[in-house]
S.K.: 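One structure, pasted below without further comment.
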Amino acid sequence: MVNNTSVFQMSPVMATYSRFPITLVKGKGSYIWDDQGNQFLDFTSGIATCNLGHVPEAVKEKLEKQLQNLWHCSNLYEIPNQQELAALLVENSCGDQVFFCNSGAEANEAAIKLARRYANNVKGSGSSEVVTFQQSFHGRTLATLSATGQEKIQQGFYPLMPGFRYLPFNDIDGLDELITIKPAAVLLELVQGEGGVIPANPKWVEKLAQICKDNEILLMVDEIQTGIGRTGTLFAYEQYAIEPDVISIAKGLGSGFPIGAIIAKEEAAKGFEPGTHGSTFGGNPLATAAGQATITYILESNLIDHVKEVSAYLDLQLQSLKEKYPFIKEIRGKGLLKGVVVETEALKIVKKALKNNLLILTAGQNVVRILPPLTVTNEEINEFKVKLDKTFQSIEKGE
Ligand SMILES: *Cc1c(COP(=O)(O)O)cnc(C)c1O
């Protein structure tokens, strides 16, 4: 920047986010601290990313060890951590092979590319379209925002990428249109996260999976927010009677270290051959060290059982608040992905909670989204309830 004579202090960072007025500098477990030394209870987990809490020991140790040896090498060579993490993901899902990338959007990009190439080069006939659902969120790249069923995400970025169609979410009769479209794939969230914490109806999902099976349509689930133990199983699809052909994951996979992946069944994975897709950083030794340590910790510590226990406790606390405040319409979600549907503006509640040293999120206009780390304790949930109760009290008083 040369000779800035502006009287305004312009941030050197582009304004893609409207940020809350705190600067976070340190984290441990369920807590995070700002640069003034104030402590906050963090029930956002970096948006479902720090699933083991902040700076988890097991991942830190593995990363520190990897830092001593090798940071990066190209995917033109074998990477042991990548092999190990892929094996862990395959052993613990219905999939057979993994492709690594660096983010959620990139994982969905890979899923969309795989679906198109499978349709064009393996099946060799039929549509290469991908069907997604209204209110969905699949990412911010051009292909994934085109896949996203929300106009506010697409606004101003026209022309969208062709090849996507949107059907109504949870609409059983609406699924019949799939038989006419016969797309290459469907892509769905089993709990719509950004769209308002809306769980998919099991009957609807079962019919969807059956139509996919009968019509050779790939069933692809976006588990970027719901995966890695968040909903009370390692992947949310395990709570439905389905076996997806492709699973996209990211957020919680690296405990905060950037990593994304798709896990595909053997048949779908035939869509990619050497040279058809790639990523410089995808699955690099550091990222896959974080992923390997994260998944290993979840499995070895029986963290999934812990999630089932604490999420039931969290449910009870949220229900008791619902009985107290008439402006709370509904509590919904799965496991530790919870939405509190309110009659007032959700953002107002989130801002008020911040004043009570509690970090929570919105999911659209009228839903408060709650995403504690999977390691959260009942004591921390008690503390959360006190802080949220105080927040709701001032909302009720119109403060
Ligand atoms: C966050 C998210 C994405 C995008 O992930 P990025 O890492 O931000 O690209 C995609 N799908 C879902 C369901 C998400 O929650």
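First listed ligand is number 1; within each ligand, the first listed atom is number 1. Computed from a predicted structure; not experimentally measured.
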S.K.: Quick one: which ligand 1 atoms are inside 4.0 Å of a heavy atom on Gln225?
M.R.: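 The atoms of ligand 1 under 4.0 Å from a heavy atom of Gln225 are 15 (O).
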S.K.: Check Lys251 against ligand 1 and report side chain, backbone, both or neither, counting heavy atoms closer than 4.0 Å.
M.R.: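 Just the side chain.
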S.K.: Under 3.5 Å between some N or O of ligand 1 and some N or O of Glu106?
M.R.: no
S.K.: Report yes or no: do Gln82 and Thr288 form a side-chain donor-acceptor pair below 3.5 Å?
M.R.: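 Side-chain D/A pair, Gln82 to Thr288: absent.
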S.K.: Answer yes or no: does an N/O atom from Gly139 fall short of 3.5 Å to an N/O atom of ligand 1?
M.R.: no
S.K.: Is Glu189 in polar range of ligand 1, meaning some N or O pair under 3.5 Å apart?
M.R.: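 Glu189 vs ligand 1: no N/O contact under 3.5 Å.
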S.K.: Geometry only, no angles: is Glu194 polar-contacting ligand 1 at N/O separations under 3.5 Å?
M.R.: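 So ligand 1 has no N or O lying under 3.5 Å from an N or O of Glu194.
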S.K.: Hey, do the aromatic rings of His277 and Phe99 have their centres closer than 6.0 Å?
M.R.: yes
S.K.: Return all side-chain donor-acceptor pairs below 3.5 angstrom for residues 349-362, not counting sequence neighbours, or 'none' if the list is empty.
M.R.:
| unit_1 | atom_1 | unit_2 | atom_2 | d |
| --- | --- | --- | --- | --- |
| Lys352 | NZ | Glu399 | O | 3.2 |
| Asn356 | ND2 | Thr391 | OG1 | 2.9 |
| Asn357 | ND2 | Gln39 | O | 2.8 |

S.K.: Run the numbers for me: atoms of ligand 1, each under 4.0 Å from some heavy atom of Ser103, listed by number.
M.R.: 7 (O), 9 (O)
S.K.: Can you tell me which residue and heavy atom of the protein come closest to atom 11 (N) of ligand 1, and the distance to 0.1 Å?
M.R.: Asp222 OD2, 2.8 Å
S.K.: Return a yes/no value for Ala250: is any of its N or O atoms, backbone included, closer than 3.5 angstrom to an N or O of ligand 1?
M.R.: no
S.K.: Any Lys/Arg nitrogen of Arg332 or Glu330 sitting under 4.0 Å from an Asp/Glu carboxylate oxygen of the other?
M.R.: yes
S.K.: Are Trp71 and Phe281 close enough that their ring centers fall under 6.0 Å?
M.R.: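 So the answer is no for these two rings.
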S.K.: Taking the inter-plane angle between the rings of Tyr31 and Trp33 on a 0 to 90° scale, is it parallel (under 30°), tilted (30 to 60°) or perpendicular (over 60°)?
M.R.: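 Rings of Tyr31 and Trp33: tilted, as their planes differ by 30° to 60°.
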S.K.: Under 4.0 Å from atom 8 (O) of ligand 1, can you find at least one protein heavy atom?
M.R.: no
S.K.: Ile224 versus ligand 1: do any nitrogen or oxygen atoms come within less than 3.5 Å of each other?
M.R.: no
S.K.: Would you say the side chains of Ser279 and Asn102 form a donor-acceptor pair under 3.5 Å?
M.R.: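 Side-chain D/A pair, Ser279 to Asn102: present.
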S.K.: What atoms in ligand 1 come closer than 4.0 Å to a heavy atom of Ala105?
M.R.: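 This gives 4 (C), 5 (O), 6 (P), 9 (O) as the contact atoms.
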S.K.: Atom 6 (P) of ligand 1: which protein heavy atom is closest, and how many Å away?
M.R.: Gly104 N, 3.5 Å
S.K.: Is the gap between the ring centers of Phe327 and Phe392 under 6.0 Å?
M.R.: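 Here the rings of Phe392 and Phe327 have centres that are less than 6.0 Å from each other.
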S.K.: Please tabulate, for side-chain N and O atoms in residues 86-93, each donor-acceptor pair with protein atoms closer than 3.5 Å (sequence neighbours left out).
M.R.:
| unit_1 | atom_1 | unit_2 | atom_2 | d |
| --- | --- | --- | --- | --- |
| Asn92 | ND2 | Leu88 | O | 2.8 |
| Ser93 | OG | Leu89 | O | 2.8 |
| Ser93 | OG | Gly95 | N | 3.1 |

